[in-house]
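In what follows, chains carry the letters A, B, and so on, assigned in the order in which the sequence lines appear, proteins first and then strands, with residues in each chain numbered from 1.
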Amino acid sequence: MPTTSSSSSSAASSSGNRQADVFSRLASSDPEVKLKALRYVKNQIIGNRTKKLSFLKLGAVPAIASALSDSDCHNNSSILVQSAAALGSFACGFEAGVQAVLDAGVFPRLLRLLTSSDEKVVDAGARSLRMIFQSNQAPKYDFLQEKNMEFLFSLLNSENENVSGLGASIIAHACGTTVEQQVLCDAGVLEKLVVLLDGSLSQREACLESLATVLKSNPEAVSRFVGLEAGRYLSYVTELTKDRYPRTRLLSCLCLVVIYNTSPSYFLNMGTKSSLVTTLLELLNDPGQSGDEAALGLSSLIAEKEDLQKLAYEANAIKNIVDILKTGSELNPKRLQGLFFSLAELCSKLEDCRCSFLSLEVLDLLVNALRHKNADVRTAACICFRNAARSVKNLSAGRFTADHVMLPLVQLLHDPSSSVQVAVLGALSNIVLDFSSPKSTFIEYGGIKQLIELSKSMDPNARCSSLRALRNLMFLADNKRKELFYSEVKAQGFASLISDPEPSVQEQAVALLRNLVDGCLNSIEFVFDEDGLILDTVGRQLRKAPQAQMAIQGMYVLTNVASGTELHKEAVMQQLFPQPQAESNNFMLKFLQSHESQLRSATVWTIINLISPSSPGALDRHVKLRNEGIIPQLKNMVNDACLDVKIRIRTVLSQSMSFGDN
Amino acid sequence: MPVRVVESNAPAQVSGSDPGNRSPLPPSSLLAAGQAFSGTQNVSNQQKEEAWRVNVQIQGVDLEHGYLCGTMEALNVPMADTPVITFWEGEIVDGKNYTFYTGKWEATREDDMRHWSKFPSFAPLQGQVESDGGRQLDLTNYPYIFMRWKEQYFVNVGTDCGLTIAGFYYVCFSCSDGSISGFYYDPNSSPFQKLELKTVNEGRSGFSFSSYELQ
């Protein structure tokens with residue numbers, strides 16, 4: 001409407017004028033005018049992201065920085081205090097603000113404020129620097145330089161809570177390596193930090209953050225911390241998880257998560273674990289930063305730990321998280337990432353969790369997250385998909401194969417972020433396992449071609465994951481599906497995959513081949529294409545003393561081929577004992593002596609198939625196996641430690657006896 | 001395939017009875033994902049003799065959690081136009097995750113013992129199971145694996161197909177030849193319906209194995 005439009009435009013213009021006017025006042029030579037302008041800016045931007053951005057764009061930060069650096073103002077403490085406060089406010093929780101403050105070159109000047117004789121100036125400088133040190137953009141601080149360490153301790157020893165808090169914030173920001181953790185511990189930083197636990201709220205919170213940083217993945221540091229006053233401070237941090245301030249509860253939980261992940265032996269008490277899980281779950285409902293960080297904290301706590309996943313499941317974690325995701329409000333990407341990671345962890349091992357998660361009709365939520373603009377969220381959603389799809393029950397029921405689920409997943413194979421690509425390959429590896437359902441949406445979307453393309457990637461992880469996906473896709477596949485795959489890859493292509501320089505890639509390629517030659521008898525013919533190039537390549541790889549996992553898959557390829565016709569069995573014998581003899585190193589004998597029971601078992605299965613009584617050449621092959629020392633070796637293994645191997649050996653020896661071999 | 005039956009090793013005893021410390025059963029190559037079995041289920045009742053042809057395929061095995069699952073296809077079911085496929089989940093009796101006592105599905109301990117004792121390979125274990133539920137038994141080297149299979153849903157027909165999957169199977173798997181015997185238990189169905197299955201080789205002269213890997 002004309003009236004409203006006019007009035008809003010005039011309001012905007014008047015606000016613009018006022019902001020422009022501020023700049024001339026900031027540059028005024030009259031200290032009073034300058035001071036008022038500084039106060040004005042500071043009050044405008046406090047807690048207001050929009051205003052911060054607006055002033056930032058107008059160039060307020062350099063203007064305030066010059067007010068702080070102006071030599072005429074060095075003795076005007078009010079100007080110093082207000083300009084430091086305004087700069088700190090720009091930097092508070094606002095990355096563009098931190099960047100602008102650092103770009104203005106005012107950081108060294110802020111540091112110098114800490115040496116002022118005026119307590120208020122010191123305080124304002126420390127507050128401002130703390131804001132900067134909460135950002136990843138803050139300058140790195142080299143603890144290994146003696147003068148820096150002295151300065152750090154001078155901060156930690158300060159009576160001023162903002163100054164000592166700044167010391168703790170610097171540690172939390174800049175301590176990143178084990179060497180740095182060690183140097184800080186040796187200098188006595190843990191003893192200094194625990195004193196701050198008894199200090200003000202802000203000191204306590206900064207201290208909890210820095211403790212987590214110094215203790216992370218460093219068992220020696222954890223043991224030192226726990227040893228302080230016979231565990232008093234560990235108990236104290238545990239107590240703080242019940243504090244009335246959510247931020248304190250969060251930071252103490254995160255500190256305990258670090259301690260637990262580093263040295264689980266300090267957490268034998270199920271009650272402590274349970275209360276840690278419950279507190280983090282409660283904190284998920286905090287709408288602010290604490291809630292965002294709690295989600296990642298929870299996922300880190302339960303990662304790889306089935307007992308804690310069970311505790312979280314029993315505490316209704318899945319429903320709580322899904323309820324938050326279903327609220328419909330736009331959640332911070334960091335929170336979304338944490339929530340999906342937590343769900344992923346919950347679904348990583350326990351089938352009950354997966355079924356409970358999928359029963360809450362969450363697939364649409366996950367599909368939406370696959371299209372999120374933030375790559376970390378897309379990655380987390382893919383990992384969540386992957387773990388939920390570890391449920392054979394739900395895979396077999398075709399829960400993940402609907403078009404609206406499969407299409408975005410296939411599209412993510414082209415995602416610009418490599419972490420998303422690897423994560424979606426993980427999800428698809430599981431989801432394509434459809435137990436030979438006649439219809440595969442994945443194949444209809446051209447998935448096979450894309451996976452073959454990715455199997456030639458420069459990234460070994462992508463090669464390995466795409467081959468695993470193809471292997472799963474060929475599990476119990478019918479011949480039509482196998483033909484479709486083979487027509488895209490051909491013998492030469494397959495031979496290259498099997499000869500990949502990475503053992504893990506070789507393993508997946510050979511496992512894929514194992515599935516290809518399983519099933520109906522005709523499937524075996526794939527390995528004989530182009531003069532048996534594929535079978536020759538497998539034989540060559542097996543003769544090269546491969547790693548056990550690759551050897552297991554290779555021997556199962558030979559087992560499957562040896563379960564075919566007489567011709568197939570003879571072809572396997574050719575690989576086992578090639579001519580001329582010099583090329584042979586009797587790898588079969590080595591595999592039978594392997595510590596890996598699955599390799600021994602796979603090898604014995606090959607032998608069982610080669611001397612299967614229904615085949616006419618069984619006796620001749622038995623003679624060859626005996627002459628090559630294989631049958632005598634099996635006789636030595638009749639009491640193999642592995643029951644499965646023992647049973648199979650007895651099968652061979654019983655067959656052997658029927659050939660007249662005693 | 002003439003396979004000599006391995007002598008029934010007497011099951012060992014474990015020291016201590018904390019199930020959390022037990023090892024899961026070791027893998028058996030014939031009880032693995034992808035393995036297929038074929039045979040019959042005797043559904044005879046007082047009125048008539050009847051047996052359905054049955055195909056079973058194992059789709060997943062998680063020994064750590066004593067879990068396995070797969071599908072079961074009944075071929076000549078009288079009231080169905082097509083073979084009826086169900087998805088089942090299994091509990092492996094390993095002393096760690098599951099014991100011989102079912103504790104659910106309307107099966108009392110007496111029902112359990114009546115069914116388990118029908119398997120000859122259970123005889124060496126019976127005394128121990130009766131005295132302490134089998135908590136002292138170490139089944140990791142025993143050449144038979146005992147399980148319960150419970151059908152969870154119909155794969156290719158609706159629940160209105162006139163068939164029920166309310167019951168469950170007591171199952172015994174022979175590690176040496178891969179044969180499976182079982183007894184269906186449902187208080188509302190004919191008692192002791194016997195399931196007998198053997199491994200399938202798809203026309204091959206030997207055994208073939210496929211595998212998948214979940215990430």
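Counting heavy atoms from C-beta on, the side chains of F209(B) and D518(A) never come closer than 4.5 Å. At least one side-chain heavy atom of S210(B) sits under 4.5 Å from a side-chain heavy atom of L476(A).
Proximity to chain A involves both the backbone and the side chain of C175(B), based on heavy atoms less than 4.5 angstrom apart. The parts of A33(B) that come within reach of chain A are both its backbone and its side chain, each placing non-hydrogen atoms under 4.5 angstrom from that chain. Proximity to chain A (any heavy atom under 4.5 Å) is restricted, for F87(B), to the side chain, taken from C-beta onward. For chain B, the nearby part of Q553(A) is the side chain; its heavy atoms alone come within less than 4.5 Å. Neither the backbone nor the side chain of E64(B) comes within less than 4.5 Å of any heavy atom in chain A. The parts of E213(B) that come within reach of chain A are both its backbone and its side chain, each placing non-hydrogen atoms under 4.5 angstrom from that chain. Residue A469(A): no heavy atom, backbone or side chain, is found under 4.5 Å from chain B. Only the side chain of E351(A) comes within less than 4.5 Å of a heavy atom in chain B; its backbone stays farther off.
Nearest heavy-atom pair across P143(B) and I647(A) is CB-CD1, 4.3 Å. Residues S205(B) and K569(A) approach most closely at O-NZ, 2.7 Å, considering heavy atoms. Closest non-hydrogen pair, L214(B) versus A389(A), comes out as CD2-O, 4.1 Å. The heavy-atom pair separating L521(A) from G203(B) by the smallest distance is CD2-O, 4.2 Å. Scanning both residues, E202(B) and C520(A), for their nearest heavy atoms gives OE1-N, 3.8 Å.
Within 6.0 Å of CD in E106(B) there are 12 or fewer heavy atoms belonging to other residues, nucleotides or ligands. By the neighbour-count criterion of 12 heavy atoms within 6.0 Å, atom NZ of K310(A) is sparsely surrounded, having that number or fewer from other residues, nucleotides or ligands.
If you take CZ on R514(A) and OG on S208(B), they are separated by 8.5 Å, rounding to the nearest 0.5 Å. In this structure, CG in L433(A) is found 6.0 Å from OH in Y212(B), a value given to the nearest 0.5 Å. Of the inter-residue distances, the one linking D644(A) atom CG with L30(B) atom CG reads 7.0 Å to the nearest 0.5 angstrom.
Ring orientation note: the planes of W605(A) and F207(B) are tilted relative to one another, at an angle of 30° to 60°.
No donor-acceptor distance shorter than 3.5 angstrom exists from the side chain of N609(A) to the backbone of G206(B), with no hydrogens or angles considered. Counting only distance, with no hydrogens or angles, the side chain of R204(B) and the backbone of V561(A) share no donor-acceptor pair below 3.5 Å. Judged purely by atom type and a 3.5 angstrom limit, N430(A) uses its side chain to pair as donor or acceptor with the backbone of Q215(B).
The greatest number of non-hydrogen atom pairs below 4.5 Å with chain B, out of S614(A), G519(A), G426(A), is found for G519(A). Taking V517(A), N387(A), V645(A) one by one and counting their heavy-atom pairs under 4.5 Å with chain B, the maximum is reached by V517(A).
Of all residues spanning residues 390-397 of chain A, those with a heavy atom less than 4.5 Å away from chain B's heavy atoms are R390(A), V392(A), K393(A), L395(A), S396(A), A397(A), arranged by number.
Side chain to side chain, S211(B) and R471(A) meet the donor-acceptor criterion of an N or O pair below 3.5 Å.
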TODO: Go through the steps to decide whether S29(B) and Y556(A) satisfy the test side chain to side chain contact (heavy atoms under 4.5 Å, CB included), and finish with yes or no.
DONE: CA-CA 11 Å; S29(B) 33; Y556(A) 273 119; 4.3 Å; yes

